[in-house]
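First the structure, in the form of structure tokens, and then the observations on it.
Basis for what follows: all heavy atoms, side chains included, without hydrogens, waters or symmetry-related copies. Residues: numbered from 1 along the sequence shown.
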Amino acid sequence: MEQPQLLFYCKSQIKPLLLLFLLSFIGSFMMVNSSGRASGQKAHLLLPTLKENDTHCIDFHYYLSSRDRSSPGSLNVYVKVNGGPQGNPIWNVSGVVTEGWVKAELAISTFWPHFYQVIFESVSLKGHPGYIAVDEVRVLAHPCRKAPHFLRLQNVEVNVGQNATFQCIAGGKWSQHDKLWLQQWNGRDTALMVTRVVNHRRFSATVSVADTSQRSISKYRCVIRSDGGSGVSNYAELIVKEPPTPIAPPELLAVGATYLWIKPNANSIIGDGPIILKEVEYRTTTGNWAETHIVDSPNYKLWHLDPDVEYEIRVLLTRPGEGGTGPPGPPLTTRTKCAGRLLQLHNTAEMILFTYYHSNKMVFHTSL
């Protein structure tokens, strides 16, 4: 890919702090002559890094002209946050010539301690001589008059495989001609389909993010393009958590003919916590039924089991949120004791009691 060229940048020799001061008063200027340029050749105007701590607006004027009234190319605006990727444009104009200078606004809702940089990009079109210009780039200490400002976009946390929804809320007037979309950190755009007007000064839009198939953290922001310019929100994180699963099977503590004492072993897990629910699932190894019990103590006793039967026991763990129950952990396979000896002991005890009773009865009658 050909390296971008800055064809004309009038303040390229000014120090960044002084340039930031000048931007607020006299603006900045770039003009590109597209004559004789190859298609796709680029020129960049980079503003100093900004760390604003309050609502503000960046406005500028742009101009596209040619003698034959054909478009000389396109003008794009990018907002790069915290030194991250440039991504896709948040504003652009192409395929047109303007009748003189046109004003546009950028409502950027990125605040200190985060920082951002605005990049203007001119892209030439071969065989279409003309000029692409940007003038009077200013940082204003008040909201934009036309471009909507986004409120803070909140992080979203979901479990793997669940729907993730971002809600973009903006201050300003909503028009049916406005274009709203969600922009990922890597530049991929997703259209915002559902828009709701809250009142005459506020509206919201929601979008579902489809890719939650694996554990990950990704960043998204809201972008709107209106007649007056563009608005862009802060980046928010989409955090996809993996429901927990025990690494080890339950530990067998004691065995009886009709019970099993176990320790769930739920401290070492694969996946994410916090764990809000522990359950024991058990079944016979030859049957097709299963029961699940909630565990609320370090050890647990399974009651009313059948003697001399093999059981398979697993532990289920749940973290917060829909779909937060992970797959069962490794099984403990064990068998209850045989009940024959217990039955023999019961019969022996009954015989002793019977003999004792009748012996006392005989003695009682003798004494009478």
Original post:
Linking Ile, Leu, Val, Met, Phe, Trp and Tyr by side-chain heavy atoms under 4.5 Å, what else ends up with V123?
Top reply: none

Subject >> Option among V102, L47, V118, V134 that satisfies the side-chain contact (heavy atoms from CB on, under 4.5 Å) test with F60 >> reply: V134

Original post:
Between P246 and P264, is any pair of side-chain heavy atoms under 4.5 Å apart?
Top reply: no

Subject >> Between CD on residue E242 and OG on residue S216, distance to nearest 0.5 Å >> reply: 11.0 Å

Original post:
How about I294 and L277: do any of their side-chain heavy atoms sit closer than 4.5 Å?
Top reply: yes

Original post:
Is there side-chain contact between F166 and C222, with heavy atoms separated by less than 4.5 Å?
Top reply: no

Original post:
Does V209 reach the side chain of T190, with side-chain heavy atoms less than 4.5 Å apart?
Top reply: no

Original post:
Quick one: which of Y62, F120, Y78 gives a ring-ring contact (aromatic ring centres under 6.0 Å, His included) with W91?
Top reply: Y62

Subject >> OG1 on T206 to CG on L180, rounded to 0.5 Å >> reply: 10.5 Å

Subject >> Aromatic centroids of W303 and Y259 separated by under 6.0 Å >> reply: no

Original post:
Is there a side-chain contact between V280 and I313, using heavy atoms and a 4.5 Å cut-off?
Top reply: yes

**OP:** Give a yes or no answer on whether the side chain of N265 reaches the backbone of P249 with a donor-acceptor pair at less than 3.5 Å.
**Re:** yes

Original post:
Apart from I247 itself, what residues make up its hydrophobic cluster when side-chain heavy atoms of I, L, V, M, F, W and Y under 4.5 Å apart count as a link, directly or indirectly?
Top reply: I270

**OP:** Using a cut-off of 6.0 Å, state whether more than 12 heavy atoms not belonging to H142 lie near its atom NE2.
**Re:** yes

**OP:** For F111, look at atom CZ and say whether over 12 heavy atoms of other residues, nucleotides or ligands are found less than 6.0 Å away.
**Re:** yes

**OP:** Could you walk me through whether L46 and Q117 pass side chain to side chain contact (heavy atoms under 4.5 Å, CB included), step by step?
**Re:** CA-CA 7 Å; L46 282 66; Q117 185 176 40; 3.9 Å; yes

Subject >> Separation of N186 CG from K219 NZ (nearest 0.5 Å) >> reply: 12.0 Å

Original post:
Does any N or O in the side chain of R335 come within less than 3.5 Å of the main-chain N or O of D308, such that one atom is a donor and the other an acceptor?
Top reply: yes

Original post:
How far does CG of N33 sit from OG of S122, to the nearest 0.5 angstrom?
Top reply: 10.0 Å

**OP:** Please check if atom CZ in R145 has more than 12 non-hydrogen atoms from other residues, nucleotides or ligands closer than 6.0 Å.
**Re:** no

Original post:
Looking at P72 and I132, what are the two nearest heavy atoms and their distance?
Top reply: CG-CG1, 3.8 Å

Original post:
Y282, L253: one ILVMFWY side-chain cluster at the under-4.5 Å cut-off?
Top reply: no

**OP:** Please confirm whether the backbone N or O of Y311 pairs with a side-chain atom of T284, one donor and one acceptor, at under 3.5 Å?
**Re:** no

Subject >> Which atom of R215 lies closest to which atom of G271, heavy atoms considered >> reply: NH2-O, 3.9 Å

Original post:
What pair of heavy atoms forms the shortest contact from T110 to N234, and how long is it?
Top reply: OG1-CA, 4.1 Å

**OP:** Would you kindly confirm whether L153 and I169 end up in one hydrophobic cluster when ILVMFWY residues are joined by side chain heavy atoms under 4.5 Å apart?
**Re:** no

Original post:
Taking C-beta and beyond as the side chain, do V96 and S71 meet within less than 4.5 Å on heavy atoms?
Top reply: no

Subject >> Verify same cluster id: Y300, L316 (apolar side-chain graph, 4.5 Å) >> reply: no

Original post:
Is it true that L252 and V295 fall in one hydrophobic cluster, defined by side-chain heavy atoms closer than 4.5 Å?
Top reply: yes

Original post:
Does the H149 side chain pair with the main chain of S109, one donor and one acceptor, at a distance under 3.5 Å?
Top reply: no

Original post:
Do I90 and R221 have side-chain heavy atoms sitting under 4.5 Å apart?
Top reply: yes

Subject >> Min side-chain heavy-atom separation I58-L50 under 4.5 Å >> reply: yes

Original post:
So, R319 and D272, do they make that salt bridge, N to O below 4.0 Å?
Top reply: no

**OP:** Nearest 0.5 Å please: distance from the CD1 atom of I262 over to the CD atom of E251.
**Re:** 10.0 Å

Original post:
Under 3.5 Å, side chain of N92 to main-chain N/O of L75, donor-acceptor pair present?
Top reply: no

Original post:
Any chain of hydrophobic side-chain contacts (each under 4.5 Å) joining W185 to I239?
Top reply: no

Original post:
Do D135 and H61 get their side chains close enough for a donor-acceptor pair, meaning under 3.5 Å?
Top reply: no

**OP:** Output, in order, the C-alpha distance, side-chain angles, deciding distance and verdict of salt bridge (Lys or Arg N to Asp or Glu O under 4.0 Å) for K103 and D59.
**Re:** CA-CA 7 Å; K103 183 180 178 180; D59 69 0; 3.5 Å; yes

Original post:
Take atom NZ in K301; do more than 12 heavy atoms of anything else shown fall under 6.0 Å from it?
Top reply: yes

Original post:
Can you name the nearest heavy-atom pair linking Q86 to K80, along with the distance?
Top reply: N-CD, 4.2 Å

**OP:** Might you work through the side-chain hydrogen bond (donor to acceptor under 3.5 Å, both in side chains) test for T285 and E310, ending with a clear yes or no?
**Re:** CA-CA 6 Å; T285 56; E310 188 177 63; 3.0 Å; yes

Original post:
Distance-only, no hydrogens or angles: does the E105 side chain make a donor-acceptor pair with backbone N or O of A147 under 3.5 Å?
Top reply: yes

**OP:** May I have all residue pairs that pass salt bridge (Lys or Arg N to Asp or Glu O under 4.0 Å) and include part of residues 160-172, sequence neighbours excluded?
**Re:** none

Subject >> Test item: N82 side-chain N/O and G84 main-chain N/O as donor-acceptor pair under 3.5 Å >> reply: no

Original post:
Any chance the side chains of Q41 and S124 put a donor and an acceptor closer than 3.5 Å?
Top reply: no

Original post:
Closest approach of T245 and L317, non-hydrogen atoms and distance?
Top reply: C-CD1, 4.3 Å

Subject >> Donor-acceptor contact present, side-chain T336 to main-chain D306, <3.5 Å >> reply: yes

Original post:
Between T212 and A164, which heavy-atom pair has the shortest distance, and what is it?
Top reply: CG2-CB, 4.0 Å

Original post:
If you measure from CG on N88 to CD on Q184, what distance do you get to the nearest 0.5 Å?
Top reply: 10.5 Å

